[in-house]
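Side-chain atoms are counted along with the backbone in the values below, which use heavy atoms only and exclude waters and symmetry mates. Just so we're on the same page: letters track the sequence lines, and every chain starts at 1.
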There are 4 protein chains.
Amino acid sequence: MSTKREQILETAMRLFIENGIQSTATALIAKEAGVATGTLFHHFKTKEDLVHELYNSIFDSLISYQKKHFDEEADVYEKLHQIWSLDIEWGTTHVEYVHFLERYSFFYYASESAIDKAHQRFDYCMNTFEQAISKELMKIDDLEYVRDHYIWNIRMNIIYFIKRPDRCTTENIDKTFEIYWNGIIND
Amino acid sequence: MSTKREQILETAMRLFIENGIQSTATALIAKEAGVATGTLFHHFKTKEDLVHELYNSIFDSLISYQKKHFDEEADVYEKLHQIWSLDIEWGTTHVEYVHFLERYSFFYYASESAIDKAHQRFDYCMNTFEQAISKELMKIDDLEYVRDHYIWNIRMNIIYFIKRPDRCTTENIDKTFEIYWNGIIND
Amino acid sequence: MSTKREQILETAMRLFIENGIQSTATALIAKEAGVATGTLFHHFKTKEDLVHELYNSIFDSLISYQKKHFDEEADVYEKLHQIWSLDIEWGTTHVEYVHFLERYSFFYYASESAIDKAHQRFDYCMNTFEQAISKELMKIDDLEYVRDHYIWNIRMNIIYFIKRPDRCTTENIDKTFEIYWNGIIND
Amino acid sequence: MSTKREQILETAMRLFIENGIQSTATALIAKEAGVATGTLFHHFKTKEDLVHELYNSIFDSLISYQKKHFDEEADVYEKLHQIWSLDIEWGTTHVEYVHFLERYSFFYYASESAIDKAHQRFDYCMNTFEQAISKELMKIDDLEYVRDHYIWNIRMNIIYFIKRPDRCTTENIDKTFEIYWNGIIND
DNA sequence: AATGAATGAGCATTCATTCAT
DNA sequence: CATGAATGAATGCTCATTCAT
């Protein structure tokens with residue numbers, strides 16, 4: 001019911017993307033959200049709390065989107081293909097979330113523990129990577145490598161398809177998955 | 001050539017890496033460099049200028065390192081392999097530069113024009129990508145894709161080998177190049 | 001008579017003692033008392049009112065304690081001895097009240113008029129001081145001096161006996177009264 | 001040479017006395033001192049540092065005043081008489097310092113450690129108290145009691161003589177010392 | 001070239017109080 | 001009686017930059 005709270009969240013997201021998190025003053029967020037500064041701090045103890053809430057809500061969105069379509073019973077190739085496609089579908093339809101995450105990722109707010117917590121939420125991905133490794137499908141049998149390799153490639157591809165929506169076809173998405181897959185798997 | 005100027009640059013690099021660029025006050029840089037705040041602004045018109053000078057000197061380092069070993073006459077596979085290996089060699093032996101670049105990349109200081117200028121300096125890389133595309137070696141014939149795909153993957157790998165210096169062997173570096181190459185090329 | 005009202009008073013007293021009056025936020029009092037902030041302001045028009053109510057209730061306690069044992073008919077020495085001992089007895093058994101008064105005394109809330117009003121309530125003490133002066137018992141025949149001299153000495157002694165409960169015996173209390181009495185009276 | 005620094009100190013002292021320490025905003029101090037807020041924080045890292053500097057400079061004044069006249073070789077009675085008279089002379093001629101100390105003493109800024117440090121600076125007083133106790137001159141042979149008893153009485157007397165400058169004669173000061181001395185010493 | 005005092009707009013956060021429910 | 005979201009002026013403090021020496 002808290003309309004003001006939501007207004008603050010929406011405005012903060014927009015301003016963080018436009019100007020960066022550190023460069024966005026809480027006073028500006030409040031002003032553009034049409035509330036008093038005190039109201040912002042009534043709902044969020046600190047600016048950092050506000051950032052974290054946005055960060056978590058984005059992962060809520062992504063994870064719930066993926067879990068709706070993810071098939072635990074499929075084989076490794078299928079599952080990775082699904083994850084890849086769903087990530088890109090979600091990313092290109094939640095552009096502002098992607099921009100926020102890119103602002104956030106290498107930002108000082110993103111403590112190691114926050115990143116760890118985020119990784120933990122993607123257990124179904126991690127399980128798939130582990131399964132792939134244990135089946136000796138991967139060129140490198142280090143979970144950390146496999147995970148980071150996936151994350152950096154999917155980030156790059158999502159950003160690419162956002163920049164080039166004209167190329168964002170199923171066919172092209174499949175092609176990018178092949179690039180990912182052909183690279184990482186054993187011949 | 002002034003010693004003070006160099007002290008400022010070194011100290012700034014260290015502090016930017018430790019705390020982030022935006023979170024590092026010029027007053028602190030001056031203090032830790034053992035100079036007056038006025039001296040810092042005597043040598044660098046603005047904080048942004050200081051950041052840019054560091055940024056450019058890093059690419060000077062990387063480019064001169066690569067040009068020393070790069071063989072323009074080799075074939076595409078060879079050239080990309082060279083660039084890949086040289087990037088990782090340079091990255092793992094210039095850890096602080098890598099950390100600085102990661103701090104800088106997604107930072108608001110990095111304007112589009114700064115990024116474009118940087119890309120231009122890597123003409124020998126771009127030429128190689130173009131050559132590969134024109135020879136129809138790549139799964140996707142879009143220069144921007146090929147370039148970004150390379151950049152994100154090399155960044156990911158450099159950071160990985162910095163985190164895991166024990167795994168930073170020629171054999172493993174070659175294996176990661178195979179992951180890159182097998183992914184991006186046509187079958 | 002409301003329980004909530006009493007919870008507020010008790011919690012406020014505790015927090016004022018722990019952190020000082022000005023440093024204790026009304027929101028914190030409400031929270032620790034388990035009531036809403038609105039409830040606090042329903043029972044006390046302002047924070048200052050709450051402080052005053054505590055202040056007055058403490059003097060209610062002290063004065064009623066003393067009046068129960070005070071003998072108006074005794075001679076000056078006896079009466080001052082009684083007041084002295086009763087003050088120390090009350091103080092060492094109402095430690096939190098003492099702490100509150102010490103927090104309050106030099107605090108900006110304590111206006112001159114509030115202090116005057118408090119002095120007026122201790123008419124039986126003032127009468128005794130006047131009696132002592134008119135009988136030429138005191139080294140200085142200025143009521144203000146006699147009063148302040150008593151107040152500062154009794155405060156000091158109460159605080160001392162609170163810090164050193166092991167020394168708080170009738171014998172020691174009597175000894176401190178002798179210090180007071182031998183000082184102020186004419187030889 | 002730092003005129004601005006001194007202006008800040010003088011203005012702060014005045015405003016702290018007038019309105020209390022906590023109720024005086026650093027912005028107001030800067031404004032009334034005719035400097036920018038940044039200047040205040042250039043000279044004093046925090047408001048607390050500013051308060052401490054004032055506090056310490058006051059004790060510098062008192063201690064240097066007393067040491068100029070204090071005779072280490074005199075007997076206990078003489079030495080205490082000197083300290084007493086010098087305290088009152090200093091207090092009535094440095095009224096604003098006294099007011100500041102009264103504002104400060106029971107204020108949350110005055111940590112136990114700050115109070116301890118202050119006590120340590122008055123070693124010549126403490127030595128005299130110890131000497132008096134070891135000669136069995138005092139009714140109570142507890143150094144803490146003797147010290148606090150002195151402090152509270154001298155504070156009370158200084159404030160009294162400030163309020164009543166007409167009564168501040170050598171004769172009256174001597175009389176108040178007799179009140180102090182006759183009280184505390186053994187018969 | 002080097003210094004460091006001075007600037008003042010800007011920032012995150014606090015808090016007594018109000019008021020609609 | 002009770003609630004707690006909402007308010008917004010106020011606060012201590014920061015920081016890139018300037019400038020007189």
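F:dT14 atom P lies 17 Å from atom CD of B:Q22, rounded to whole Å. Rounded to an integer number of Å, the gap from NE2 of A:H43 to P of E:dT14 is 16 Å. Atom CD1 of D:I29 and atom P of E:dT7 are 16 Å apart (whole Å). In this entry the distance linking NZ of D:K4 with C1' of F:dA20 reads 12 Å, nearest Å. If you measure from atom CZ of D:F41 to atom P of F:dC15, you get 13 Å, rounded to the nearest angstrom. B:L40 places its CG atom 13 Å from the C1' atom of F:dT18, with the value rounded to the nearest Å. Atom pair D:K47:NZ and E:dT13:P shows a separation of 20 Å (rounding to whole Å applied). Straight-line distance from the CG atom of B:L28 to the P atom of F:dT17: 16 Å, rounded to whole Å.
Distance from the side chain of A:T39 is smallest for F:dT7 among the nucleotides F:dT7, F:dC13, E:dG8. Here the nucleotide nearest the side chain of B:A36, chosen from E:dA2, E:dT3, F:dT17, is E:dT3. With F:dA16, F:dG12, F:dG4 as the candidates, the nucleotide lying closest to the side chain of D:T26 is F:dG12. Distances from the side chain of C:T37 to the nucleotides E:dT13, E:dA2, F:dG4 place F:dG4 closest. The side chain of D:H42 sits closest to E:dA5 out of E:dT7, E:dT3, E:dA5. For B:V35, the side-chain atoms get nearest to E:dT3 when compared with the rest of F:dG8, E:dT3, F:dT17.
Between C:E53 and C:K45, none of the side-chain N atoms (NZ, or NE/NH1/NH2) sits under 4.0 Å from a carboxylate O, so this pair counts as no salt bridge. Under a 4.0 Å N-O distance rule, the pair B:R14/B:E96 does not qualify as a salt bridge.
Comparing A:A25 and C:K45 by the nucleotide of DNA chain E that holds the closest heavy atom to each, the one mapping nearer the 5' end is A:A25. Take the nearest nucleotide of DNA chain E for C:A27 and for A:T24: the residue whose nucleotide is more 5' is A:T24.
Pairing partner, E:dA20: F:dT3, with both Watson-Crick or wobble hydrogen-bond distances short of 3.5 Å.
By the 30° and 60° cut-offs, the orientation of the rings of A:Y104 relative to A:H52 is perpendicular.
Residue A:V51 comes nearest to A:F100 through the heavy atom pair O-CZ, 3.9 Å, listed as atom of the first residue, atom of the second, then distance.
Annotation: the span from B:H42 atom NE2 to B:L40 atom CG amounts to 11.0 Å, rounded to 0.5 Å.
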